[in-house]
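No experiment lies behind these values; they were computed from the predicted model shown. Just the heavy atoms: all of them, side chains too, but no hydrogens, waters or symmetry mates, feed the values below. Note that ligands are numbered from 1 as they come in the structure, with each ligand's atoms numbered from 1 the same way.
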Amino acid sequence: MGKIAVLPGDGIGPEVMQQAIKVLNKVSEKYKKTFEYTFADVGGIAIDNHGTPLPDDTVKTCENADAILFGSVGGPKWENLPPEQQPERGALLPLRAHFKLFCNIRPIKIFNPLKSASSLKEEYIPNGLDIVFFRELTGGIYFGQPKEISADRTVGKDTMIYSKPEIDRISRLAFDAARLRSKKVTSVDKANVLMNSIVWRETITELHKEYSDVELGHMYVDNAAMQLVRNPSQFDVIVTGNMFGDILSDAAAMLTGSLGMLPSASINESKFGLYEPIGGTAPDIAGQNIANPIAQVLSAALMLRYTFGMDEAACDIENAIEAILEEGYRTGDIYNKGSDQKLVKTDEMGDLISAKI
Ligand code: IPM
Ligand code: MN
């Protein structure tokens with residue numbers, strides 16, 4: 001049996017989550033695998049119901065599960081709270097730290113039928129796009145100490161720090177992934193300026209000796225930002241630190257045309273994982289049954305792949321989505337006005353995907 005902690009969160013979270021569960025139930029039938037879902041509040045709704053974005057009970061629910069399926073958190077209602085109480089920071093960062101989810105995997109893929117939705121002209125992505133980010137998630141400038149604001153609030157301080165073991169473990173996973181793909185890793189750093197980047201580069205270069213069948217390249221982060229919007233096809237697996245990964249993966253995400261399409265996985269040493277869409281809560285369209293559920297459904301696919309070892313089921317979901325898009329079904333965010341595409345609602349998209357499995 002698979003025990004899943006379901007944390008739908010705010011905005012469009014609950015309605016897209018319903019579709020992911022619909023699809024998981026279909027997978028459950030087909031593969032004779034039982035899933036047990038335990039729901040818990042997180043983010044703004046948890047602030048409203050329990051006074052904190054990450055209640056202890058929610059953490060316990062997650063501790064008792066094999067994986068967390070996460071929706072999204074935040075919204076205008078909670079925007080003016082002090083930073084540490086805000087849904088995003090107050091829920092996601094502590095969850096990442098608590099479960100030691102050091103490895104954030106963000107596949108950036110253009111489904112063929114959506115090529116024209118990319119923010120790049122098609123001539124820049126002749127072969128579509130298929131990149132995977134391996135972003136270090138529990139270290140770097142996000143968590144380094146000291147981290148403080150002076151009493152008079154005139155100076156703010158963060159510490160960017162990386163040590164060899166942290167770099168080593170994320171890089172290993174990136175190399176392992178590259179072996180199953182086109183055997184190419186680009187490590188992104190700022191070794192021309194930052195000391196922690198020098199250690200980053202030295203560590204991964206040393207580790208590379210164990211992976212000599214994989215090609216390793218190094219790139220400064222500013223150049224990587226440029227290359228991503230100039231010639232993204234040169235990348236396959238990108239491995240980088242917490243903040244660089246945050247920024248670059250958002251830029252890369254837009255190359256696919258919609259944030260509503262992209263899942264992510266955050267995993268630890270024991271394959272426990274938190275699975276969530278990259279996009280936010282989209283408060284402007286929440287509750288209207290028009291949001292794109294695909295990122296949430298793909299996040300469930302990543303959960304099947306990385307936590308439950310059900311790669312075939314994950315591929316089933318991914319193929320079902322590709323097929324549905326090929327048939328012209330679109331939610332509003334990826335719909336071309338005046339085309340012969342078929343505009344569908346959130347729940348219809350969920351139905352279509354599960355029917356294909
Ligand atoms: C992300 C988000 C988070 C981050 C925020 C909400 C704390 O932007 O998952 O990329 O910066 O890591
Ligand atoms: Mn981000």
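Comment: K3 does not engage D66 in a salt bridge, judged by the lack of any side-chain N to carboxylate O separation of less than 4.0 angstrom. Using a 4.0 Å cut-off between charged nitrogen and carboxylate oxygen, R172 and E210 count as a salt-bridge pair. Residues K183 and D236 are not paired through a salt bridge, judged by the lack of any N-O separation under 4.0 Å between the basic side chain and the carboxylate. Salt-bridge formation is detected for the pair K190/D222: a Lys NZ or Arg NE/NH1/NH2 atom is positioned less than 4.0 Å from an Asp or Glu carboxylate oxygen. With respect to K77 and D10, no salt bridge is recorded, no charged nitrogen being found less than 4.0 Å from a carboxylate O. Using a 4.0 Å cut-off between charged nitrogen and carboxylate oxygen, E322 and K356 do not count as a salt-bridge pair. Ion pairing between a basic and an acidic side chain is recognised when a charged N comes within 4.0 Å of a carboxylate O; R305 and E318 show such pairing. For D130 and K109, the salt-bridge test fails: no basic side-chain N is under 4.0 Å from an acidic carboxylate O.
Ring geometry for Y162 versus W200: interplanar angle over 60°, hence perpendicular rather than tilted (30 to 60°).
Residue-and-atom listing of protein N/O/S atoms under 2.8 Å from the Mn ion (ligand 2), sorted by chain and number: D246 OD1.
Closer than 4.0 angstrom to ligand 1 sit non-hydrogen atoms from E88, R96, R106, R135, Y142, D246.
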